[in-house]
Amino acid sequence: MTADDAREAVPVRVEAIELIEVALPLVRPFRTSFGEERTKDAILVRVEAGGFEGWGECVASPAPRYSEEWNAGAWGVMRDHLGPALAGREIAHPSDVATVLGFVRGHRMSKAALEAAVLDAWLRATDTPLATFLGASRERVPCGVSVGIASTPEAMIEEIGAYLKAGYRRVKLKIEPGSDVGVVRAVRDAVGPDVPLSVDANAAYTLEDIGVFQELDAFDLVMVEQPLDHEDLADHAALAAGIRTPICLDESIRSAHDASVAIDMGACRVINIKQGRVGGILEARRVHDAARDRGVAVWIGGMLETGVGRAVNVALAAMPGVTMPGDTSASARYFAEDLTEPFVVDRDGTMAVPSGPGIGVRPGSTRLEACTVRREVIASVG
Ligand code: OSB
Ligand code: MG
């Protein structure tokens, strides 16, 4: 019997839901084709369910650039719509959360944060680690690192050198028009032919830029991530037919259904799974299953999460169909001090999967207080 089955008959009631907005300074600015972030601003969800506390992290950003979701909107939809619907509910299985919240269209990151918090409490009620619930097949996961656009290629190369020394197994470079082929050439020359490199355009190009991607073919990249518009699978399929480097989709994949369609139409050969983007941990597992059934490689992406969200990503990265290093970097790559015990990458480029019940970590109360911007109990049913 799996841990999943063991819990099925014992419901937990959602007794309270609290939203906590936090701000943590980043150790260095993170620049992508859609903007620069200097702090990590996130909404944490704390629930009480079945007498247990559960934590989730909403991966929305301060501005609606990566997706339509953003923090102020996420706060509003959780407080006014999703939270009230969930409060007082008996949750027999974590999949009930998506069912209860399904009346709201979209808002996947907010739904995912609530689901994660309830799932954490539900798993703690039987002492089950999230990785076990997900059918994890490893205790340590290989890690990559995502490198923001720097002011000069030299600055980027210096930062990458430090990551390689620290053990990271794959380096992902953010690119944008005007900062692509030249930067990749300089980095490839500096690191040599054996370092696995990829690029992520965050949808900054159109099919008319196919020449850029044909030039990038020369640098043996593991993949090119989300080169084109997030809503254009057909153009990704056309680009894929004209280049050698595999295309990985990030923004375009919002569900397991999207994943199946994208793979079947030849729009991608790799998928970056982010549980927030697809509406939760359970849907993330379904994306993993759909890709595995079709022989497509997946890896676990990131949204600069604090330890609360990172714990979920690392558990997902331990699933058997995850075949490439993820953007699951060490806490120290982002923060001088995380909210939780820090996640550490060893010199061999691997990180331990949390083994405690639920997500296996929780915010330290002093650190949480120091980082809190506002908090509000949005539902309490006693
Ligand atoms: O496109 O993968 C992305 C961060 C914020 C928003 C989008 C993306 C990213 C990253 C960073 O690439 C991944 C990480 O280190 O968490
Ligand atoms: Mg991406």
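Whatever order the structure lists them in is the order used to number ligands and atoms, beginning at 1.
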Peer 1: Protein N, O or S atoms at less than 2.8 Å from the Mg ion (ligand 2), how many?
Peer 2: 3
Peer 1: Go through the structure and list residues passing ring pair (Phe, Tyr, Trp, His ring centres under 6.0 Å) with Y66, not counting sequence neighbours.
Peer 2: none
Peer 1: Out of curiosity, R46 CZ to W55 CH2, how far, rounded to the nearest 0.5 Å?
Peer 2: 6.0 Å
Peer 1: Are the aromatic rings of Y334 and F30 close, with centres under 6.0 Å apart?
Peer 2: no
Peer 1: Salt-bridged, R31 to E176, with N to O below 4.0 Å?
Peer 2: yes
Peer 1: Hey, could you give me the OG1/CD distance between T366 and E337, rounded to the nearest 0.5 Å?
Peer 2: 9.0 Å
Peer 1: Taking only residues two or more places apart in sequence or in another chain, which ones pass salt bridge (Lys or Arg N to Asp or Glu O under 4.0 Å) with E69?
Peer 2: none
Peer 1: Identify the residue among Q226, K174, H230 that makes a side-chain hydrogen bond (donor to acceptor under 3.5 Å, both in side chains) with N202.
Peer 2: K174
Peer 1: Quick one: sort the Y163 and Y168 rings into parallel, tilted or perpendicular, breaks at 30° and 60°.
Peer 2: perpendicular
Peer 1: Is there a side-chain contact between M351 and V314, using heavy atoms and a 4.5 Å cut-off?
Peer 2: yes
Peer 1: Using heavy atoms and a cut-off under 4.0 Å, could you grab the residues that are in contact with ligand 1, chain by chain, numbers ascending?
Peer 2: F30, Y66, S146, K172, K174, D200, N202, E225, D250, K274, G302, M303, L304, D327, Y334
